[in-house]
Amino acid sequence: MKNSDWIQVPGEPNGRWRLCGDWRLPSVTLLRQVLEAGPDRPQGLDATAIEAMDAAGAFVLLRWTQRCGLDADEIELRDEHRRLLETVRRGLEMEEPPEPPAESLWRSALGGLGRSVLALQANSARLLGFLGLVLTTLLTSMGRPRQWRVTATVHHMQQSGLAALPLVSLLSFLVGAVVAFLGATVLRDFGAELFVVDLTTYAFLREFGVLLTAILLAGRTASAFTAQIGTMKSREEIDAIRTLGQDPIVLLVLPRLLALLIMLPLLSVVATLAGLLGGLAVAVWSLGIPLELYISRVQETAKLSHYLTGLVKAPVFAMVIALVGCLEGFKVAGTAQSVGERTTSAVVQSISLVIIIDALAAVFFMEMGW
Amino acid sequence: MSDAVIRIRELKNQFADQVVHEGLDLDVRRGEILGVVGGSGTGKSVLMRAILGLRPPQGGSIEVLGESVTSRSEPLAVRRRTGVLFQDGALFSSLTVLENVEVPLKEHFPGLPGDLRRELARMRIRLVGLPSGTGSKLPSELSGGMRKRAGLARALALDPELLFLDEPTAGLDPVGAAAFDELLRTLQRALGLTVFLITHDLDTLYAICDRIAVLGQRRILVIGERSEVEAFDDDWVRDYFHGPRARAAQAAQGRGGS
């Protein structure tokens, strides 16, 4: 081994090597290269000339002497460096458990698939269980007016219903206009532009009025419910409610559920009207259909049965959104990170469920001929 | 070796119209453990954040290791030579403990080979007395005391000269707190650290601090060795150092034979 900034090899073959220089973190990379460069083994080490050493330097020195079969006690060191070396050495004596062997890619992918299927099953069971719990609590608390949380219910009606009114009507109006434009583009070729009115009316009475409202509320309200309840859970407020002899379902879930059950159908009525207005605006200003004709055409097409098949879904959607939002809130465990994860999950779940239920309902109503 | 590693002159800190510090002077000497105490709201954490350059003060100057941290530029050289342990460890929750300790090494020594970096990080984890196998765990899987140790391992990753600790023993049980004190003392001696320690814990204060600084009335009321601080004539200081808890801690120290 050659002499370097850190090591001086003596002339005679069995002399002690002198270590010197800077044995600190910025130089450990080079230092290790130098130490591993040569096959020679030192007979003894005199490290008193080392100017500065930190834990990283001590670590490299220890590893090297171990490899050379040299006892660390035989190194001559300054007192302060000896203390450091001893501290590092005590730490190194602990055995690190072997790393678990890495799984092959397809095995871990398959395992992940299996785990998510099982999680889906557990999650569905939990949601159904929660549904049952909330319904029984709702029925029992019906008979006990003292448990009714009127103020909280009205508060949530305002928060998740009234406050969402501008957003819901604006977006429905725009979607109504888009549907009318789309219909006009296709129907113009057949000279049947008037059927644009039928299209928007059907679409909003049966589907879009309720569906748009539900999707908006799933994004807006389910996430809010999860964040509210999740924060309370992580601050142990839910436990505090329990220990004070109150029922968190009665206190937190029922007001939110009732508020949505009342507000979602109301909002979807507004959304339907706004959508028809959007269609009307396009029809009158862009397609040149007279206002009177549009209105009479709507009156001809709109049947109560259409509207009922749309509106009957509203309470179901309200139930889904409120239950998923609250249940995800209760699932929060511990940290703020968990609140974020649960909120995402609540939005994803409620929107997916709303659309799935809507699709199933559409097929069902079509087959029944309603 | 009594040169000041932290030198604060005429520091002023203010939130809106609420003045936290005014005309605050403080010198921290090389190689000492300085305990900083003070009632709630006296701005202990604000002082630490100002020294770290995380919060620009409204006035005055702060020098750390001979460099000003109150100037505009980010004090990168100072960052490399200091380590910080925040109250709950402040470990990055998406990384394992080992990766957490590797972060400062990666940032400041990008040329370090991966295997050496991992070995150095593993060495720190053992140095702070964490059981083997902790490196591959996520912070959320650790207890409060272990998180603090892991945070200390990350703070020590760059072999800093200066270590900041914000209430290191808060939330630990007495056994864990005593073990942490012991660990700090050992590491401080072995690594030759200067330690700036914020604490409420009288046992910690008596067990490991060389000097004690009391914050109050917007400045350092008194700084010195334990006996000097205890003799200081101020209501809060008297209540703090001569209250029932202080007497118990003193008695415990007496029995401990230190």
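Because the structure is predicted, anything quoted here is derived from the model rather than measured. Just so it is clear, the values below take in all heavy atoms, side chains as well, and ignore hydrogens, waters and symmetry mates. Chain identifiers are assigned alphabetically (A, B, ...) following the order of the sequence lines, protein sequences preceding nucleic acid strands; residue numbering begins at 1 within each chain.
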To check you understand the geometry: which heavy-atom pair defines the closest contact between [X] and [Y], and what is its length?
X	Y	answer
A:A55	B:R124	CB-NH1, 3.1 Å
A:T29	B:G111	CG2-O, 4.0 Å
A:P26	B:R80	CG-NH2, 3.6 Å
B:P113	A:R32	CG-NH2, 3.7 Å
A:V88	B:L127	CA-CD1, 3.9 Å

Other residues, nucleotides and ligands only: do more than 12 of their heavy atoms fall within 6.0 Å of [atom1] on [X]?
X	atom1	result
A:R67	CZ	yes
B:E225	CD	no
A:D79	CG	no
A:L105	CG	no
A:E236	CD	no
B:R55	CZ	yes

Seminar exercise, completed: Whatever's closer than 4.5 Å to a heavy atom in chain A on B:L105 counts as side chain
Problem set entry | Portion of B:R117 that has a non-hydrogen atom of chain A nearer than 4.5 angstrom | neither
For this session: Scan B:L187, B:D159, B:L191 and name whichever one has a side-chain contact (heavy atoms from CB on, under 4.5 Å) with A:L84.
Result: B:L191
For this session: Examine whether an atom of A:R63 lies under 4.5 Å from a heavy atom of chain B, and if so say whether it belongs to the side chain, the backbone or both; otherwise answer neither.
Result: side chain
